[in-house]
Number of protein chains: 2
Amino acid sequence: MDHTNIAPEQRPQHNGAPPAPARRAHRYERPKVAVDTVLFVVDGGRLKTYLVQLKSGPLRGKWAFPGGLVRVGEMLDDAARRQLLSTTGLECAYLEQLFTFGDPSRDPRAHVVSVAYMALISDPARVAVPSHKYAAGGWYEVPGQLPPLAYDHALIADYALSRLKAKLAYTNIAAFVLPKSFTFKELEDLYAAILGRSLDRRNFRRRIAAMGLLKKLPVKRYGPHRPAGLYSFRKQTLQVVQML
Amino acid sequence: MDHTNIAPEQRPQHNGAPPAPARRAHRYERPKVAVDTVLFVVDGGRLKTYLVQLKSGPLRGKWAFPGGLVRVGEMLDDAARRQLLSTTGLECAYLEQLFTFGDPSRDPRAHVVSVAYMALISDPARVAVPSHKYAAGGWYEVPGQLPPLAYDHALIADYALSRLKAKLAYTNIAAFVLPKSFTFKELEDLYAAILGRSLDRRNFRRRIAAMGLLKKLPVKRYGPHRPAGLYSFRKQTLQVVQML
DNA sequence: ACAAAAGTGTTGGCAATACACCCATGG
DNA sequence: CCATGGGTGTATTGCCAACACTTTTGT
């Protein structure tokens, strides 16, 4: 891009701005940059996402994904991680940028451009502690009824879910939602939960095997009935399978 | 997201900022938002993109995609269109957001978060006139040797090309690069140019026909040899073909 | 022995690939 | 009639979806 016009002098006046504004700060006014993160977890075979309830402002009482403004000098990913940590106390295992929402009216108070992220954590046991900055916080099953969302967060929720679904098909993204070792059935249930439909066990095993991302562990999980073989992903970093 | 902390008072101090800054404006400092647009055109069977050469600043002489800062109250798409129009005089037929690049060091002068876009125009005849804000401007064939790029624009270029390639497979995105009517051969050449490889004519016709996005016109194009049937896309808006 | 979950193969249809010849026109 | 690009069909292959029974363990 051209950042030549970073100096405000070179910038054309924007619509209806007074030519000689009273407060100099106003001339420099620019949209702010925020990140909003859709955090997913799978708990008991259900896909859930974390929401916080706003405490003040015109949208008080509405719910939103954890997020906030980006600082000068901060990477976008770092901003997302920082907000997630300060809001939920959780460090995500996976973080991916989704899309940037910039409608000036998405936030009634100011023009805030929001870079949406999706994050995954693998341990549903660590329950997030709501920050004092919010009225409440909690996990909500998705797809399903979410409480009334602030801003354009309903859009962001849809976007995140469809991205997650798509990535199941050709990556090992499930590695970031599952514990280190798991049974084939658990993997299948995870896929079924996210995709919202059940899968044929045999075809599923075949497809997953074809991806070649799993390794079989030499142990089994014993339960009330026939023991199940345990597996883990070969790599804990995102792998993309070529499907030419 | 939480925009609760829009009020600067609620915002935590960022790294190393003096607790009582001399200039109040500094306390309010935030990353700026820009858009950068990769404009593609197909001219003579070659895919080309438009670049401008920076006139001043630490990156003087380097080349960049048209772009600039977003104004308060402006939609991101509108910002991209505005910059494209002011830089090249062109109105794009198609515009799509790609990704947002936010590395604070991507611009040596300031922290500028850039929302990258891809744009398509159909008429290679309209030659862009370089704006006076730039030392030069011109079309460069891609994939191919581009001049030295400023910022992280090499990344953006790669990203745009791969997105364009991917969309050929399951959308009528070619509609925005071709004139209203065209021959099958022209369409095939377009695909070949963008994908960087040649295609089997018969299989290509079959696949395109299967997408069902074309209609055959009752006229032919006469040339020095056998006339070719003319086609057009049924819809001039983006259509996505389901491939279950 | 029985209940419960784990594990395993085969078949048919569809879609993608590879491949070569005839056609229509202008010169 | 010839040169040039336009237009067409078939055979094979690999992939994906549908489908049901046997095995292993705990109780």
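Within every chain, numbering begins at 1; the chains are lettered A, B, ... in the order of the sequence lines, protein sequences first and strands thereafter.
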List in chain and number order the residues that pass side-chain contact (heavy atoms from CB on, under 4.5 Å) with [X], two or more places apart in sequence or in another chain; answer none if no residue qualifies.
| X | answer |
| --- | --- |
| Ala79(A) | Val35(A), Val70(A), Glu74(A), Arg82(A) |
| Asp158(B) | none |
| Thr171(B) | Lys167(B), Ile173(B), Leu238(B), Val240(B) |
| Ala135(A) | Gln53(A), Lys55(A) |

Atom-pair distance ([atom1] on [X]; [atom2] on [N]), nearest Å:
| X | N | atom1 | atom2 | result |
| --- | --- | --- | --- | --- |
| Arg207(A) | dA18(D) | CZ | C1' | 13 Å |
| Arg205(B) | dA15(C) | CZ | P | 20 Å |
| Arg221(B) | dG7(D) | CZ | C1' | 16 Å |
| Lys220(B) | dG26(C) | NZ | P | 12 Å |
| Ile208(B) | dT8(D) | CD1 | C1' | 17 Å |

*asked:* On DNA chain C, does the nearest nucleotide to Arg206(A) precede the nearest nucleotide to Ala228(A) from the 5' side, or the other way round? Give the residue.
replied: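 This one resolves to Ala228(A).
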
Just to verify, what does [X] make a salt bridge (Lys or Arg N to Asp or Glu O under 4.0 Å) with, not counting sequence neighbours?
| X | value |
| --- | --- |
| Arg226(B) | none |
| Arg202(B) | Asp200(B) |
| Arg81(B) | none |

Hey, can you pull the residues of residues 183-204 of chain A with a non-hydrogen atom under 4.0 angstrom from DNA chain C?
->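 Lys185(A), Arg201(A), Arg202(A), in order of number.
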
Distances under 3.5 Å only, N/O to N/O: pair up the protein atoms with those of nucleotides 1-3 of chain C.
none

- Query: Hey, what bend do you get for the helix from dA1(C)-dT27(D) to dG27(C)-dC1(D) if you fit axes on five pairs at each end, rounded to 10°?
  - Reply: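 The helix from dA1(C)-dT27(D) to dG27(C)-dC1(D) shows an end-to-end axis angle of 10°.
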
Practice item. With sequence neighbours excluded, give me every salt bridge (charged side-chain N to carboxylate O under 4.0 Å, His left out) pair touching residues 203-223 of chain A. Key: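 For residues 203-223 of chain A: Glu186(A)-Arg221(A).
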
message = For Phe99(A) and Tyr159(A), take the angle between the two ring planes, folded into 0 to 90°, and tell me which bin it lands in: parallel under 30, tilted 30 to 60, perpendicular over 60.
response =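 If you compare the ring of Phe99(A) with that of Tyr159(A), the planes turn out tilted.
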
_Check this one for me: any side-chain N or O of Arg226(A) less than 4.0 Å away from OP1 or OP2 of dG26(D)?_
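Negative; the distance criterion is not met.
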
| field | Summary of ring-ring contact (aromatic ring centres under 6.0 Å, His included) pairs that have at least one residue in residues 185-212 of chain B, sequence neighbours excluded | value |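 For residues 185-212 of chain B, and leaving out neighbouring residues, the ring-ring contact (aromatic ring centres under 6.0 Å, His included) pairs sorted by first residue read Tyr191(B)-Phe204(B).
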
* What's the spacing between Ile194(B) CD1 and Lys165(B) NZ if we round to 0.5 Å? ->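 That separation rounds to 10.0 Å.
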
